[in-house]
There are 2 protein chains.
Amino acid sequence: MVTPEPAKSLRPPGDATAASPAASVDQVDTRYLETLIGYNARRAALAVIGVFLPRMAAFGLKPVAFSVVSLIAHNPGITSRQLCAALNILPPNLVGLINSLAQRGLIERLPHPRDGRAMGLHLTEEGREVMAQAEKTASALEVEAAGRLSAAERQTLITLLRKVYLPD
Amino acid sequence: MVTPEPAKSLRPPGDATAASPAASVDQVDTRYLETLIGYNARRAALAVIGVFLPRMAAFGLKPVAFSVVSLIAHNPGITSRQLCAALNILPPNLVGLINSLAQRGLIERLPHPRDGRAMGLHLTEEGREVMAQAEKTASALEVEAAGRLSAAERQTLITLLRKVYLPD
DNA sequence: TATTGTTATACTCTATAACTATA
DNA sequence: TATAGTTATAGAGTATAACAATA
């Protein structure tokens, strides 16, 4: 018998890097990747978005669109440039989104009170109604997406994540 | 004077939703979005990737490629299908990546010991050398990316993130 | 019949350069 | 000159359908 028995899923605590050339893998060892914040943050974000997408499809809002409309709701008169800075979006990529939101009647562009180049963004009455429901859904969805976390753990997680991506 | 004074950055604790039609925004209020785990996780992941990309460009490895090579390093003989399942990648999107890694001489495909359809993936000697440096860089980069977090906080963050995206 | 790896392809997301109008 | 918004376009990332070889 040249072929060894299938490797047991339990590997030495050190590592499994040294193995025979023709080895096969039973249980995939992801322990190293799981020591990296970037890896875990990305996996967690994609998992939450996976729950977010089908639920928010009822409102026709994908994650970025939801963020944009939410910021307009809480910052009446915000400009495209301010949205881009706050959400790390590039201006050309926001144009189409703003257009479609305006066409759907969720937002409207009013002239900026002090800068003739800029447009202040505001929710329409329909936009306010849709967003009230959408934010309610998004907040409820949090519990479902992070079902194994207690309220205190959720707060801790958010605090730590903000420390990662916020300057200072 | 019809135009009101620019709104102060301090807003009432309740919210700033109600404001005059022609209002302009001084400081953008992102407090609602920051109550959402998905929003924070996505922002944090993008921030870490922003540090990761230029540093790992020296090895010619972007995040997904790094994850793939790392899993091959720690799981010699892993198959494409297993990589896809572990990293949530779709098979057609892995083909080109595996090809380029093989062409660069970092990995090699050996026949699977017990499944004639599958190929076991292994690092070459050069792949082992590159990956040793790459993982060293990635781990050092963690401290830089999460500079404001203590070691204990980093561990807490990782534990909480895993609870979000891992089943069970 | 089910699965591995693959091709072809489409769709979405993100990035860069350049233009206009206002400041 | 600098900035807000826009256009056009390119590139990267991600998705589905269908196929050949093997289980």
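FYI, side chains are in, hydrogens and waters are out, and symmetry mates aren't considered; it's all heavy atoms of this structure. All of these numbers come straight from a predicted model, not from anything done at the bench. Chain letters run A, B, ... following the sequence lines, proteins first, then strands; residues in each count from 1.
The nearest whole Å value for the distance from the CE atom in B/Met119 to the C1' atom in D/dA20 is 15 Å. When the P atom of D/dT22 is taken as reference, atom CZ of B/Arg114 falls 18 Å away, rounded to whole Å. Atom CD1 of B/Ile49 and atom C1' of C/dT14 are 13 Å apart (whole Å).
With contacts defined as side-chain heavy-atom distances shorter than 4.5 Å, the pair B/His122/B/Ile107 does not qualify.
Closest heavy-atom contact between B/Leu166 and A/Arg148: O-NH1, 3.2 Å. When all heavy atoms of A/Pro63 and A/Leu53 are compared, the pair lying nearest together is CD-CD2, 3.6 Å.
Contact annotation: A/Arg42 side-chain N/O to D/dG13 OP1/OP2 distance is not under 4.0 Å. Regarding contacts with the backbone of D/dG13, a side-chain N or O of B/Lys62 is found under 4.0 angstrom from either OP1 or OP2.
Heavy-atom distances under 4.0 Å link DNA chain D to A/Arg81, A/Pro91, A/Pro92, A/Val95 of residues 81-103 of chain A, given in residue order.
Each of A/Arg117 and A/Leu46 was matched to the nucleotide of DNA chain D holding its nearest heavy atom; the match closer to the 5' end belongs to A/Arg117.
Using modelled atom types and a 3.5 Å distance limit, the side chains of B/Arg109 and B/Asn99 yield a donor-acceptor pair. No donor-acceptor contact under 3.5 angstrom links the side chains of B/Thr30 and B/Tyr39, judged on distance only.
The aromatic ring centres of B/Phe59 and B/Phe66 sit 6.0 Å or more apart.
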